[in-house]
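Contents: one structure, followed by commentary.
When reading the values below, keep in mind they use all heavy atoms of this one structure, side chains included, and skip hydrogens, waters and symmetry mates.
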Amino acid sequence: MTVATARALLGVERGADAHTLRKAFREAAKRAHPDRPGGSPALFRDMLAAHRVLQTDLSSPISFPPALQETAAPPATGVTITPLIAVEGGQVEIEHEGRRLRVTLPPGLREDDRIRVDGVVLAVSISGDAEALVRGDDLWLTAAIDPQLLADGGRAVIDTPVGRRSVWITPKAAERGLIRVQGQGLPPRGDHPQGDLFLRVERAAERGESAARTLLKRFTAAWAA
């Protein structure tokens, strides 16, 4: 049986895909079944043969155009950035094909992101330490806060490795040692949502008393006596 005859029997056009072929064969087989009116064993065998012919034709290498073949992805160059660059973007230097290049990265990059900059594909990793760390979309910072503010609560403006941050501290949060501030993590980028800030709180060292405060304490003690 020729391919053209098989197409005519099953009623499929040239270039039909596997799903279309299966659907056409099921319908043709039902009509040709010996138990159906108008069906017969010979006609049913013809439908089976037509299906086999078209399956073979569909799986032939010549039926797949070159445009459907996958091309290998270009190799990526690794680049390690700081949490500050992950938040704000900035310039970094990379080694590529024996050259040292300076590229500008956008804000909001995450670990394992791949981006193309100036024709170079970069695989991103983010460094971190005890003071600043990126976890997914979130930014984790450690800050030393005045003990009196931790005890009383209130707003604190702190300097961090990723810039100044303003946070509201409650005594309960200070006791827990961790404050979550929504919307102050990594900025949104592509499919990545806006991240949050997690601030790990430490007690700052007690400040030494000034001479004026010492004299005031002495005066108060003398007056009470």
Side-chain angles (χ1 to χ4, degrees), residues 77-95 100-115 117 122-225:
T77 299
V79 59
T80 301
I81 63 175
T82 63
L84 176 60
I85 292 181
V87 173
E88 298 182 352
Q91 288 190 335
V92 296
E93 290 188 349
I94 62 170
E95 293 284 348
R100 193 165 188 82
L101 304 176
R102 182 181 293 272
V103 297
T104 301
L105 301 179
L109 290 175
R110 269 67 168 179
E111 184 78 20
D112 297 328
D113 272 358
R114 287 181 179 243
I115 61 169
V117 180
L122 299 178
V124 177
S125 62
I126 304 176
S127 62
D129 52 33
E131 293 187 355
L133 183 68
V134 172
R135 291 180 177 173
D137 304 315
D138 302 324
L139 183 63
W140 289 69
L141 304 176
T142 300
I145 307 296
D146 182 83
Q148 192 63 47
L149 179 59
L150 293 178
D152 298 339
R155 183 163 298 280
V157 178
I158 56 177
D159 291 317
T160 75
V162 295
R164 183 164 292 184
R165 291 290 188 272
S166 176
V167 297
W168 182 264
I169 300 175
T170 64
K172 184 176 181 180
E175 182 179 353
R176 188 170 59 244
L178 183 65
I179 301 170
R180 180 178 183 177
V181 185
Q182 292 186 344
Q184 288 200 30
L186 268 61
R189 182 176 183 274
D191 296 333
H192 300 300
Q194 172 71 54
D196 295 335
L197 166 64
F198 289 84
L199 182 66
R200 294 172 293 207
V201 174
E202 295 180 351
R203 293 173 62 89
E206 295 283 355
R207 292 177 296 181
E209 290 189 341
S210 63
R213 187 170 183 82
T214 301
L215 288 175
L216 178 60
K217 282 188 174 182
R218 291 177 180 176
F219 175 79
T220 303
W223 180 265

Which side-chain N or O atoms in residues 184-199 pair as donor and acceptor under 3.5 Å with protein atoms at least two apart or in another chain?
| unit_1 | atom_1 | unit_2 | atom_2 | d |
| --- | --- | --- | --- | --- |
| His192 | NE2 | Asp113 | OD1 | 3.2 |
| Gln194 | NE2 | Gly183 | O | 3.3 |
| Gln194 | NE2 | Leu186 | O | 3.0 |
| Asp196 | OD1 | Gly183 | N | 2.9 |
| Asp196 | OD2 | Arg180 | NE | 3.1 |
| Asp196 | OD2 | Arg180 | NH2 | 2.7 |

Open item on the list: Distance check, rounded to the nearest 0.5 Å: Ile158 atom CD1 versus Thr142 atom OG1?
Closed with: 9.5 Å
TODO: May I have the step-by-step check of side chain to side chain contact (heavy atoms under 4.5 Å, CB included) for Leu109 and Ile81, ending in yes or no?
DONE: CA-CA 9 Å; Leu109 290 175; Ile81 63 175; 4.1 Å; yes
Open item on the list: Nearest 0.5 Å, please: how far is CD1 in Ile169 from CG in Leu150?
Closed with: 5.5 Å
- [ ] Run the numbers on Val201 and Ile179 for side chain to side chain contact (heavy atoms under 4.5 Å, CB included), then give the verdict.
- [x] CA-CA 7 Å; Val201 174; Ile179 301 170; 3.6 Å; yes
Open item on the list: Using the salt bridge (charged side-chain N to carboxylate O under 4.0 Å, His left out) criterion, which residues pair with Glu95? Sequence neighbours excluded.
Closed with: Arg100
Task: Partners passing side-chain contact (heavy atoms from CB on, under 4.5 Å) against Ala144 (at least two apart in sequence or in another chain) - done: Ala204
Open item on the list: Enumerate the side-chain hydrogen bond (donor to acceptor under 3.5 Å, both in side chains) contacts for residues 122-141, please, sequence neighbours excluded, ordered by first and then second residue.
Closed with: Thr80-Ser125, Arg110-Asp137
Open item on the list: If I compare all heavy atoms of Pro83 with all of Ala132, which pair ends up nearest, and what's the gap?
Closed with: CG-O, 3.9 Å
Open item on the list: Just to verify, what does Arg155 make a salt bridge (charged side-chain N to carboxylate O under 4.0 Å, His left out) with, not counting sequence neighbours?
Closed with: none
TODO: Measure the CZ-CG distance between Arg164 and Asp159 for me, rounded to the nearest 0.5 Å.
DONE: 4.5 Å
- [ ] Calculate, to the nearest 0.5 Å, the distance between atoms CZ and CG belonging to Arg200 and Leu141 respectively.
- [x] 8.0 Å
- [ ] Report, as yes or no, whether the 6.0 Å neighbourhood of atom CD on Glu175 holds more than 12 heavy atoms from other residues, nucleotides or ligands.
- [x] no
- [ ] Please test Val87 against Ile85 for side chain to side chain contact (heavy atoms under 4.5 Å, CB included), starting from the C-alpha separation and ending with a verdict.
- [x] CA-CA 5 Å; Val87 173; Ile85 292 181; over 6 Å; no
Open item on the list: For Gln91, give me all partners under side-chain contact (heavy atoms from CB on, under 4.5 Å), at least two apart in sequence or on another chain.
Closed with: Arg102, Thr104
Open item on the list: Looking at every non-hydrogen atom in both residues, tell me the closest pair between Ile115 and Pro106 and how far apart they are.
Closed with: CD1-CD, 4.0 Å
Open item on the list: Between Leu122 and Leu105, is the side chain to side chain contact (heavy atoms under 4.5 Å, CB included) condition met? List the steps.
Closed with: CA-CA 10 Å; Leu122 299 178; Leu105 301 179; 3.8 Å; yes
